[in-house]
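What follows is a short report on a single structure.
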Amino acid sequence: MPELPEVEVIRAGLAPVVSGRTLTRVRVLHPRPVRYHPAGPQGFAAELAGRTLTEPRRRGKYLWIPFEDGDALLVHLGMSGQFRVDMPDAPLRPNTRVLFDFDDDSRQLRFIDQRMFGGMQLSAGGAELPPQISHIALDPFAPDFDPETVARRLRAKRSTIKRSLLDQTLVSGIGNIYADETLWRCRLHYEQRNASLSQRRAVEVLSTAREVMTASLAQGGTSFDALYVDVDGAAGYFSRNLAVYGRQDQPCDRCGTPIVREPFMNRSSYRCPGCQHRPRRSLVAQ
DNA sequence: TCGTAGACCCGCTGCA
DNA sequence: GATGGGCGGGTCTACG
């Protein structure tokens with residue numbers, strides 16, 4: 001569920017909470033979130049204890065907390081993962097999966113995940129960039145992100161635009177919400193062939209994705225429900241600014257045509273039929 | 001015809 | 001009862 005802006009909000013919220021603190025105890029309440037850790041839940045807990053954390057980092061939707069020793073705790077929030085900061089004696093919220101206690105014995109970090117598509121693992125030598133996510137492309141917020149290069153790669157793919165925007169090995173951080181919002185702003189149908197886009201148009205799409213996510217970040221991200229909140233439990237407000245996502249049957253802000261929801265890749269795509277026309281057959285087939 | 005790379009789709013899991 | 005923001009891996013497909 002969290003896409004780049006939501007993960008960035010969480011990263012920024014974690015920074016003052018974890019930076020410079022030393023873990024004294026880690027408790028894994030459900031094994032699934034640490035399923036990628038080879039040593040299992042007990043090994044995970046034992047290997048983290050005693051480590052000192054530094055400022056959290058992010059690439060796309062992945063988050064990692066480097067340790068002073070050069071390793072890192074790599075985290076993906078999946079569909080429903082969240083970090084919360086609570087006093088150690090506060091009652092556990094439903095679906096709390098992992099507890100992190102620190103040496104100063106004050107606030108406790110808690111990982112909560114309803115559906116448990118997310119997970120975390122110790123990444124050896126992963127402080128700079130965990131090798132587990134070396135295949136994840138730069139996101140549009142990365143200083144080295146080059147829209148021209150990514151646009152060329154995008155146009156070379158024998159695929160369609162929304163699939164490619166969701167392809168985390170091409171450009172990371174974009175999920176279903178921001179893909180739909182980007183395509184609405186660009187007046188593009190999700191089945192538009194990449195090869196049909198000019199270089200300039202492809203760069204425009206990538207720049208627009210960055211703009212949408214920047215605007216969302218300024219609002220604290222997109223929250224539809226309690227599944228996405230920051231480390232203090234606060235919701236983001238960008239859902240008020242969404243043009244198409246989740247707005248089935250409501251009028252398009254641009255032309256008034258009712259927004260439609262259509263099945264796409266086992267989920268949904270929202271678009272305005274008035275200003276995002278289905279590409280002509282010659283552009284769909286190849 | 002075969003091997004490889006890229007594209008695509010299923011399944012995971014759980015509750016509001 | 002339907003729907004949901006995610007990803008990895010198995011399978012399919014296209015191309016050289």
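Remember, predicted model here, so these are calculated numbers, not experimental data. In the text below, chain A, chain B and the rest are named by the order of the sequence lines, each starting its count at 1.
Taking side-chain N and O atoms only, A:K157 has no distance below 4.0 Å to OP1 or OP2 of B:dG6. Between A:Y62 and the phosphate of C:dG8, there is a side-chain N or O to OP1/OP2 separation shorter than 4.0 Å. Between B:dG6 and A:S159, no contact under 4.0 Å exists linking OP1 or OP2 to a side-chain N or O. Checking the phosphate oxygens (OP1, OP2) of C:dC7, a side-chain nitrogen or oxygen of A:H76 falls inside 4.0 Å. Here A:R32 does not reach the OP1 or OP2 of B:dC12: none of its side-chain N or O atoms lies under 4.0 Å away. In this structure, A:R163 reaches the B:dC9 phosphate: one of its side-chain N or O atoms is under 4.0 Å from OP1 or OP2. One finds no side-chain N or O of A:H30 lying less than 4.0 angstrom from the OP1 or OP2 phosphate oxygen of B:dT13. When the side-chain nitrogen and oxygen atoms of A:R267 are compared with OP1 and OP2 of C:dG6, one or more of them lie within a distance under 4.0 Å. When the side-chain nitrogen and oxygen atoms of A:R115 are compared with OP1 and OP2 of B:dA16, none of them lie within a distance under 4.0 Å.
In this entry B:dT1 has no Watson-Crick or G-U wobble partner, no candidate having both defining distances under 3.5 Å. With a 3.5 Å ceiling on both atom-pair distances, the Watson-Crick or G-U wobble partner of B:dA16 is C:dT3.
A:Y190 has its OH atom 14 Å from the P atom of B:dC8, to the nearest Å. A:N266 has its CG atom 13 Å from the C1' atom of C:dC7, to the nearest Å. Rounded to whole Å, the distance from CG on A:L4 to C1' on C:dG6 is 14 Å. What separates OH of A:Y36 from C1' of C:dG6 is a distance of 10 Å, to the nearest Å. To the nearest angstrom, P of B:dG6 lies 17 Å from CD of A:Q168. In this entry the distance linking CD1 of A:I161 with P of B:dA7 reads 13 Å, nearest Å. Across the protein-nucleic acid pair, A:F264 atom CZ and C:dT3 atom C1' stand 17 Å apart, rounded to whole Å.
Here A:R261 does not pair with A:D249 in a salt bridge; the nearest charged N to carboxylate O distance is not below 4.0 Å. Salt-bridge annotation for A:D69 and A:R51: present, with a side-chain N of the basic residue lying under 4.0 Å from a carboxylate O of the acidic one. A salt bridge is absent between A:K61 and A:E6; no separation between the charged side-chain nitrogens and carboxylate oxygens falls under 4.0 Å.
Map A:M116 and A:D167 each onto its nearest nucleotide of DNA chain B; the residue landing nearer the 5' end is A:D167.
In this structure a side-chain-to-backbone donor-acceptor pair under 3.5 Å is missing from A:Q250 to A:P258. Judged purely by atom type and a 3.5 angstrom limit, A:E181 uses its side chain to pair as donor or acceptor with the backbone of A:V244.
Here the nucleotide nearest the side chain of A:S268, chosen from B:dG14, C:dC7, C:dT3, is C:dT3. Listed nucleotides B:dG14, C:dA14, C:dG4 differ in distance to A:R97; the shortest reach to its side chain belongs to B:dG14.
A:F100 and A:F44 have perpendicular rings, their planes meeting at more than 60° on a 0 to 90° scale where under 30° would count as parallel.
Stacking between A:F117 and B:dC12 is present: the aromatic ring centre lies within less than 5.5 angstrom of the base six-membered ring centre, and the two planes differ by under 30 degrees.
Using atom C1' as the reference point in both B:dT1 and C:dT13, the two lie 15 Å apart (nearest Å).
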